[in-house]
A.B. asks: 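Starting off with a structure, shown below.
Any value given below was found using the heavy atoms of this structure, including those in side chains, with hydrogens, waters and symmetry copies removed.
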Amino acid sequence: IISYMAENYFSNSGLLDNLASSSAKGGFWLLLSQIILFATDLLTVSFLARILSPSDFGVLGMVTIIFLFVNQISQLGLGEAIIQKKEINHNEVSSLFWFNSSIALLLSLLVLASAPFISAFYNTEALEKLTIVLAPVILLSGITIQNNALLTRNKSFKSIALINVL
């Protein structure tokens with residue numbers, strides 16, 4: 001499996017072949033996925049606004065901002081390093097995967113431990129429970145960084161779009 005991956009995902013051969021065509025196709029798939037995600041997000045927010053009380057919807061908004069901020073920190077730009085580096089190998093990708101996963105785990109645990117303080121700061125008990133329930137999302141997001149970077153590097157934009165939508 002590793003030799004197959006090395007030949008197909010870590011090689012830089014063919015990355016510049018048909019760049020205009022692959023960029024146009026990639027742009028189409030990413031635009032289509034962004035439109036679908038925007039529509040899905042709009043419908044989800046509209047649905048939640050209808051079924052949740054205004055205070056519950058506000059709690060969800062507070063925790064969402066916290067998680068978006070922490071998610072940006074967890075990415076550290078290491079996925080982009082894989083995309084831009086001319087030559088990569090399995091050891092580099094593996095090391096960055098474990099490093100990203102470790103950072104994501106630490107941030108997830110930090111958010112988990114901070115849940116009571118976040119709740120006390122906003123004086124909202126429900127915020128603690130919601131923060132605790134959503135903390136593992138940070139870890140799951142961190143685990144996917146290297147895989148998304150490899151797909152981007154190999155111009156597999158259709159796969160990225162399908163993963164994002166599903």
Side-chain angles (χ1 to χ4, degrees), residues 5 9-10 26 29-85 88-166:
M5 288 174 58
Y9 290 105
F10 305 142
W29 284 109
L30 291 179
L31 178 64
L32 181 63
S33 73
Q34 289 301 310
I35 290 169
I36 292 170
L37 288 173
F38 177 77
T40 304
D41 288 346
L42 186 63
L43 290 172
T44 301
V45 169
S46 299
F47 177 73
L48 289 173
R50 297 276 294 154
I51 65 169
L52 295 176
S53 68
S55 63
D56 289 343
F57 191 73
V59 168
L60 183 62
M62 286 187 275
V63 79
T64 299
I65 290 171
I66 293 166
F67 278 85
L68 289 174
F69 179 71
V70 172
N71 190 39
Q72 287 300 314
I73 292 171
S74 74
Q75 300 205 6
L76 298 171
L78 296 176
E80 286 78 11
I82 289 294
I83 295 167
Q84 295 175 2
K85 191 165 185 213
I88 60 172
N89 61 47
H90 181 265
N91 289 336
E92 292 170 335
V93 174
S94 179
S95 296
L96 287 174
F97 169 80
W98 288 110
F99 182 75
N100 274 337
S101 297
S102 299
I103 294 296
L105 177 63
L106 288 174
L107 287 171
S108 186
L109 292 173
L110 179 67
V111 168
L112 191 65
S114 300
F117 303 110
I118 294 168
S119 176
F121 178 77
Y122 286 108
N123 197 23
T124 307
E125 288 181 31
L127 193 57
E128 180 178 1
K129 294 174 186 169
L130 190 57
T131 303
I132 289 170
V133 168
L134 293 177
V137 171
I138 298 166
L139 176 62
L140 295 175
S141 176
I143 289 173
T144 65
I145 292 170
Q146 293 306 314
N147 295 320
N148 284 333
L150 288 173
L151 287 171
T152 302
R153 178 182 171 87
N154 290 303
K155 301 182 284 189
S156 300
F157 298 112
K158 183 177 180 181
S159 297
I160 294 169
L162 291 173
I163 290 167
N164 288 338
V165 169
L166 299 176

A.B. asks: Identify the two heavy atoms, one from Ile143 and one from Ser101, that lie closest to each other, and give their separation to 0.1 Å.
C.D. replies: CG1-OG, 3.9 Å
A.B. asks: Taking the side chain as every heavy atom from C-beta outward, state whether His90 and Val93 have any pair of such atoms under 4.5 Å apart.
C.D. replies: no
A.B. asks: What's the separation between atom CG in Asn148 and atom CD1 in Ile83, rounded to the nearest 0.5 Å?
C.D. replies: 8.5 Å
A.B. asks: Counting distance only, does the side-chain N/O of Thr124 pair as donor-acceptor with the main-chain N or O of Ser119 below 3.5 Å?
C.D. replies: no
A.B. asks: Roughly how far, to the nearest 0.5 Å, is the OG atom of Ser102 from the CG atom of Leu139?
C.D. replies: 9.5 Å
A.B. asks: Rounded to the nearest 0.5 Å, how far apart are CD1 of Ile103 and CD1 of Ile138?
C.D. replies: 12.5 Å
A.B. asks: Could you measure the distance from the CG atom of Leu151 to the CG atom of Asn154? Nearest 0.5 Å is fine.
C.D. replies: 7.5 Å
A.B. asks: Quick one: closest heavy-atom pair of Phe157 and Trp29, and the distance?
C.D. replies: O-CB, 3.9 Å
A.B. asks: Which heavy atom of Gly79 sits nearest to which heavy atom of Ala149, and what is that distance?
C.D. replies: O-CB, 3.3 Å
A.B. asks: To the nearest 0.5 Å, what is the distance between CD1 on Ile65 and CG on Leu60?
C.D. replies: 10.0 Å
A.B. asks: Are the side chains of Ile35 and Phe38 in touch, meaning some heavy atoms are under 4.5 Å apart?
C.D. replies: no
A.B. asks: Going by atom types alone, do Asn164 and Ser33 pair a side-chain donor with an acceptor below 3.5 Å?
C.D. replies: no
A.B. asks: Determine the minimum heavy-atom distance between Ile82 and Gln146, stating which atoms define it.
C.D. replies: CG1-OE1, 3.1 Å
A.B. asks: Exactly one of Thr64, Val63, Asn71 should register a side chain to side chain contact (heavy atoms under 4.5 Å, CB included) with Phe67. Which one does?
C.D. replies: Val63
A.B. asks: So, do Leu78 and Ile145 sit near enough that their side-chain heavy atoms are less than 4.5 Å apart?
C.D. replies: no
A.B. asks: At their closest point, which heavy atom of Gln75 faces which heavy atom of Ser141, and how far apart are they?
C.D. replies: NE2-OG, 4.5 Å
A.B. asks: I'd like to know if the side chain of Ser114 and the backbone of Phe117 have a donor-acceptor N/O pair within less than 3.5 Å.
C.D. replies: no
A.B. asks: What distance separates Leu48 CG from Leu43 CG, expressed to the nearest 0.5 Å?
C.D. replies: 11.0 Å
A.B. asks: Minimum heavy-atom separation for Ile88 and Lys85, please, with both atom names.
C.D. replies: CG2-CB, 3.9 Å
A.B. asks: Checking Glu128 side chain against Glu125 main chain: does a donor-acceptor pair fall under 3.5 Å?
C.D. replies: no
